[in-house]
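We use all heavy atoms of the structure for the numbers below, so side chains are in, but hydrogens, waters and symmetry mates are not. From a predicted model like this one, the values you see are computed outputs, not experimental measurements.
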Protein chains: 2
Amino acid sequence: MYAPERQQEILRLARDGGRVDVLSLAEEFQVTAETIRRDLKALDRAGLVRRVHGGAIPVGRLDFEPDLAERESTAADEKDRIAKAALAELPTEGTMILDAGTTVARVAAAIPLEASLTVVTHSLPIAARLADHPGIQLHLVGGRVRHRTRAAVDAWALRAYGEIRADVLLVAANGFSAEHGLTTPDLAEAAVKRAAVAAARRVVLLADSAKHGQEHFARFGDLSDVDLLITDSGLSPEDAAAIERGGTEVVRA
Amino acid sequence: MYAPERQQEILRLARDGGRVDVLSLAEEFQVTAETIRRDLKALDRAGLVRRVHGGAIPVGRLDFEPDLAERESTAADEKDRIAKAALAELPTEGTMILDAGTTVARVAAAIPLEASLTVVTHSLPIAARLADHPGIQLHLVGGRVRHRTRAAVDAWALRAYGEIRADVLLVAANGFSAEHGLTTPDLAEAAVKRAAVAAARRVVLLADSAKHGQEHFARFGDLSDVDLLITDSGLSPEDAAAIERGGTEVVRA
DNA sequence: GTTCGTCGTGTCTGTTCATGCCCGATTGAA
DNA sequence: TTCAATCGGGCATGAACAGACACGACGAAC
C-alpha cells in the first residue's frame, strides 16, 4: 500500500469516525506509529485534518459543521443510489452545471475517468474534487462563499450563470413539493439556484424522499421547472404519479 | 508493442485496479522497470495518473492533493520562513487578495483562527482551506480552472479583479528580477496576476531566492509594482540593496 | 546503399524516499 | 505536581528513482 493511499484511507476514517488515533491506525495499517504520524502531518499540512495529541480530527468537523457530517451520514444509502442513478443523466459530451450539496458531490465523485465534459459549478468541494479530472474542463463560478455549504453566492455567481447556457443541471433542494415548489433555507443560495435553473436546458433534481413535502424559507422554483426528479423508493408511488402528472419525470432509485 | 500502446494499457490497468506498481508492470509487459517509470512519468505529465513511490494511482481516486504543499519539497524550509514572515503583513482588519501558489497557500494555512479578514482568491486549494475559517469572509473569483495550478483564469477572473480594490495582495511569481520584472510560464495566469496587482493598494511578493534572476514566458508586472518583497536569505545583500534602490522594500526571512 | 539523426530501450551509478528505530523533549491527565 | 504517553528530530537501511550514456532499430536525405 502506497503512502498516499494510506493517507487517503486515514482521511476517510477520520471523516467517518470524527477522529482517529495514532496507535489504532498503526495497528490497522500494520506500520509503526512514526509512519502514521508522518501521514497525519502530511494531511495536516494539506489542511485536511487538524493534528491533536494522540491523533487527528478532520477539519470539517472541527468547529461548527456537525450537521454537514451528520447530513452526510443520514440517508447515505439513498443518496448513493440517487447519485448512481444520476450518473445515467450525464451528457456524454457537453456542458453540465453542478449545484452544491452532498448528493451532487457524490455524483461528481463518481464521474468516470474516461468522461469528457465541461462542468460549471459554484460549489467549492465539488470543484476541488473535479479540478484534477483529466477529461473535465472545469469552470468555477465565483462569489461570496457561505461557510455552511461552501458554495459561492451573490452578485458574481448570479451574473456568471446569467451568461451561460448548459445542457444539464443537477440541482439539490432541501424541500420539494408540488404545492410549495423547490425550497432551501438560505435566500442567497436560492437566488443562485434559480439562476442555475434558468441557465440549463434540462433540469434534474436530486432529492431523497425525506425532502418531499418539506418547505423551507426560500423558494427558487416550481416542480414544473424540473424535467427529471431522481429520488429514492421512500417516495410513495402515488406521490410519484402525482408529480409525473405535473410534467416531471420521476425515477425512484 | 509501441510505447503509446503500452501507456494506454497501463492507464487502463490503473483505472481498473485503482493502482499499478512498477515491478508488476515491468513483468507484465516484458520490459525493464526503467521503461515503465518513463511511461508513468509521461502519464503523470499528461495529468492522467499520479506518480507515487513504487507505482502510480489514477487521478481522481485521491480526493486530496498530497503534493500541493509538498510538490516542490525543495526550498520547503525557505517557503515556510517566507510564509511566516508574510503573516506579519496581514492587515488586522480589511481586505486581502491571495494569489495561487504553494507559498501563499502556506500563509493561508497559518492565518490565526482569531483573525478577522475579508479574503479574495482565485486559487481553489486556498479557498478550500479558508472556507471554514470562522473569522474570514471569503470571496471566490471564478473562471476556467487550470489543472496544473488549480487556479481560476480567463474572463470571469479578470472581470472580478477589475471590480474590486483590496488593501493587500500576496502574489507569487516564478521569476523576478529588476530587468525582466515578474514572470510566470502561463499567459492566462499572468493576466490574472496583473489584474490582481492592479486591484491592490499594497503588493507583497512572496518568492524564494531561487526565483531571482529567472525569467519565464509571460510577464505580468515590474519589480517596481511591488511594495514589499519577502524572500529568503539566499538572496545576496547586494541584490537586496539593488532592489531596494528601485523602491521595493525587501525582507530576507 | 550509406550515413546520419532520432527514438525507444536497457544499463549503470549516485541520489532520494519511505520506513523503522532510538532518545530526549513535550504534553496532558490524574 | 507528577508521570506515563506522545511527539519530533536524527539516523540507518533497503527499495525506488533519475540522469547519463550506450545500443540498436528505423527512416530520411544524399
- Message: So if I take every side-chain heavy atom of B/His53 and compare against C/dC21, C/dT9, C/dA18, which nucleotide ends up nearest?
- Response: C/dA18

- May I have the distance from A/Ile36 (atom CD1) to C/dC21 (atom C1'), rounded to whole angstrom? 16 Å

- Message: Between A/Lys41 and D/dG9, is there a contact of a side-chain N or O with OP1 or OP2 at under 4.0 Å?
- Response: yes

- Task: Output, in order, the C-alpha distance, side-chain angles, deciding distance and verdict of ring-ring contact (aromatic ring centres under 6.0 Å, His included) for B/Phe176 and B/His212.
- Result: CA-CA 5 Å; B/Phe176 71 96; B/His212 181 240; 5.2 Å; yes

- Atom CZ of A/Arg50 and atom P of D/dC7: how far apart are they, to the nearest Å? 15 Å

- Rounded to whole Å, the CG-C1' distance (A/Asp21 to D/dC7) equals 14 Å

- Message: The side chain of B/Leu23 is closest to which nucleotide in this list: C/dT27, C/dG10, D/dA16?
- Response: D/dA16

- Measure from CZ on B/Phe29 to P on C/dG8 and round the result to the nearest Å. 16 Å

- Query: Rounded to the nearest Å, what distance is computed from the CG atom of residue A/Asp44 to the P atom of nucleotide D/dT6?
  - Reply: 18 Å

- Geometric cation-pi criterion, B/Lys193 with B/Phe220: 6.0 Å, 45°: yes

- Below 4.0 Å: OP1/OP2 of D/dC7 and any side-chain N or O of A/Arg51: yes

- Would one find a side-chain N or O of A/Thr35 under 4.0 angstrom from OP1 or OP2 of C/dG20? yes

- Message: Between P on D/dA16 and CG on B/Leu40, what's the gap in Å once rounded to a whole number?
- Response: 13 Å

- Query: Whole-Å distance between C/dA18 P and A/Asp39 CG?
  - Reply: 10 Å

- Counting side-chain heavy atoms from C-beta on, which of D/dA20, D/dG9, D/dA18 comes nearest to B/Arg38? D/dA20

- Message: Strictly below 4.0 Å: does A/Arg37 bring a side-chain N or O up to OP1 or OP2 of D/dG9?
- Response: no

- Between CD of B/Gln7 and C1' of C/dT9 the distance, given in whole Å, is 13 Å

- Starting at the 5' end of DNA chain C, which residue's closest nucleotide do you reach first, B/Thr32 or A/Thr32? B/Thr32

- Is it the case that B/Glu189 and B/Thr149 place a side-chain donor and acceptor less than 3.5 Å from each other? yes

- Message: Can you identify which nucleotide, out of D/dA16, C/dT27, D/dG19, has its nearest atom closest to the B/Glu34 side chain?
- Response: D/dG19

- Message: Would you call the rings of B/His122 and B/Tyr161 parallel, tilted or perpendicular, taking 30° and 60° as the class edges?
- Response: perpendicular

- Going by atom types alone, do B/Ser177 and B/His180 pair a side-chain donor with an acceptor below 3.5 Å? yes

